[in-house]
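Order of appearance sets the numbers: ligands from 1, and atoms from 1 within every ligand. Sequential numbering from 1 along the given sequence is applied to the chain's residues.
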Amino acid sequence: MKVHEYQAKEIFKKYGIPTPKEKVCKDVTEVIAASREIGTPCVIKAQVMVGGRGKAGGIKVAKNGDEAKQYAQQILGMEIKGIPVKKVLVSEAVAITHEAYLGIIIDRTEKKTVVMACKEGGVEIEEVARKNPEAIYKVYADPLLGLMDHHARAVGLFLYDDPKKAFGCASIAQKLYKIFTHLDASLVEINPLVIDQTGQLIALDAKINFDDNGLYRHADVAAMRDRESEDANELRARECDLSYVKLDGDIGCVVNGAGLAMATMDLVKHFGGEPANFLDIGGSSSPEKVKNALDILLKDKNVKVIFFNIFGGITRCDDVANGILQAKRELNIKQPIVARLTGTNEEKAMEILKTAGLVFATTMDEGAKKALELLK
Ligand code: GDP
Ligand code: MN
């Protein structure tokens, strides 16, 4: 789950990371009041969950109240990367003397949490990682010991020569690490971490992504979810108790079990195809769930073929078959369906689907190959 900058900054504040004085607003009237309260110059920042808002014109420095009003009108009406701006953050303008990057993610290769720092702030870190990876300083935190003081200091000393700033940064890195672990985040990022005219360190921007599987432990975080800003299809999938992630390919996959879903995607790729999605209908499934899965899958206009790969255990193949039949009747599905249904009640399933016009396969390999043939 992603949250907005203003929400991430609320969390930063709770953990003692310095942020600018600011206020979130949903209309121009609120912006005018906020700009009076905070004072001018102030910065008007679009609250959308995508990077590069600055470049897209979603961040403007207003010199006075009139400009604040004008920019608020402009930004509140715009779309950034296809997402309409519904809120802006009015933020105290900071006189920046230095910008840096500080972030924490999980390094899956090292199986550890990694703290990353870069002297170039305000730029996209993915781009730095691609073009100039040596510019990123990394320290790995031991999962049991956490981020040690000397690690945090090393990060600070990498970014700043002045010991006072370096130790200030070390303390911020420790707080960031606390947020990351306490709240089950998958990413926390300050970009840019700036130094103002008086030498203070300030988190000018904030980003936190949370691990959905940890949200049940953090009701206050879960309550921050902004439904309007999420992919409508992924949201619906969650409400239907389905795990769905849209991808860029054209073979729609419907599978039971996350492991089998991954294996199915691998197989599609192995034979030269591109999966359109990850979709796990779960361990036990009703016909209704299968119908919902197909409905969600077909909202993606790139899907040209549908590949069912079901290994019936607790999941009963006849339930899945009935779901397919129901969906075919109600959803007007034009795409060909390849079905590999094996395990519990597979004979019943075949009986149900006998006249449904599907292409059947007995093995995964065969199923993937047939789906690819149907693309051509
Ligand atoms: P992003 O483009 O979505 O990552 O948004 P940021 O919050 O990181 O802002 C982008 C850039 O706008 C920063 O790197 C700064 O250069 C600039 N900026 C944002 N707030 C201020 C501010 O208070 N003062 C000044 N001078 N620049 C700011
Ligand atoms: Mn930023």
Side-chain angles (χ1 to χ4, degrees), residues 2-13 17-25 31 34-65 67-68 70-72 74-76 78-105 115-130 135-136 159 169 172-173 176 179 185 187-209 226 229:
K2 293 180 179 177
V3 293
H4 289 292
E5 173 193 2
Y6 78 91
Q7 296 170 310
K9 279 178 168 164
E10 280 165 16
I11 294 173
F12 277 17
K13 264 183 252 165
I17 296 175
T19 56
K21 202 157 99 183
E22 49 200 8
K23 198 153 195 178
V24 64
C25 303
V31 170
S35 71
R36 277 202 198 108
E37 193 185 316
I38 287 162
T40 48
C42 63
V43 187
I44 315 289
K45 306 178 82 176
Q47 297 299 287
V48 283
M49 296 176 200
V50 292
R53 293 167 303 166
K55 266 187 217 142
I59 296 178
K60 290 267 160 63
V61 182
K63 289 197 276 300
N64 50 50
E67 277 192 9
Q70 183 196 326
Y71 290 142
Q74 227 172 59
I75 295 173
L76 278 166
M78 71 193 278
E79 275 191 6
I80 298 178
K81 295 181 185 168
I83 302 166
V85 181
K86 300 254 170 71
K87 283 176 188 159
V88 293
L89 189 62
V90 177
S91 180
E92 165 195 8
V94 175
I96 302 171
T97 64
H98 182 274
E99 290 187 77
Y101 171 95
L102 185 64
I104 304 180
I105 54 164
V115 180
M116 297 191 296
C118 178
K119 287 176 191 169
E120 295 170 63
V123 296
E124 270 184 55
I125 197 73
E126 291 84 0
E127 203 170 311
V128 180
R130 223 174 14 248
I136 301 174
L159 288 178
C169 172
I172 290 176
L176 213 54
I179 295 174
L187 173 147
V188 291
E189 199 176 77
I190 308 178
N191 187 22
L193 172 66
V194 306
I195 302 216
D196 72 2
Q197 266 174 330
T198 65
Q200 296 300 309
L201 281 153
I202 302 172
L204 209 61
D205 191 8
K207 184 172 171 183
I208 308 180
N209 294 349
D226 178 1
S229 306

Report the distance from atom OG of Ser91 to atom CD1 of Ile202, rounding to the nearest 0.5 Å.
9.0 Å
Residues which pass salt bridge (charged side-chain N to carboxylate O under 4.0 Å, His left out) with Lys63, listed by chain and number, not counting sequence neighbours
Glu67
Test of understanding: with ring-ring contact (aromatic ring centres under 6.0 Å, His included), list the residues that count as partners of Phe12, not counting sequence neighbours.
none
Lys/Arg-Asp/Glu bridge criterion (N-O < 4.0 Å) met for Glu5, Lys207
no
Given a cut-off of 2.8 Å, the protein N, O or S atoms lying below it from the Mn ion (ligand 2) are Asn191 O, Asp205 OD2
Can you list every protein residue that has a heavy atom under 4.0 Å from any atom of ligand 1, sorted by chain and residue number?
Val43, Lys45, Gly52, Arg53, Gly54, Ile59, Glu92, Ala93, Val94, Ile96, Glu99, Gly122, Asn191, Pro192, Leu204, Asp205
Does Val88 form a side chain to side chain contact (heavy atoms under 4.5 Å, CB included) with Leu76? I'd like the steps, not just the answer.
CA-CA 7 Å; Val88 293; Leu76 278 166; 4.0 Å; yes
Quick one, Arg130 and Val128 - any side-chain contact, counting heavy atoms below 4.5 Å?
no
Determine, stepwise, if the pair Asp226 / Lys2 fulfils salt bridge (Lys or Arg N to Asp or Glu O under 4.0 Å).
CA-CA 9 Å; Asp226 178 1; Lys2 293 180 179 177; over 6 Å; no
Salt bridge or not for Asp205 and Lys9, using N-O below 4.0 Å?
no
Validation row: Ile17, Ile179 side chains within 4.5 angstrom (heavy atoms)
yes
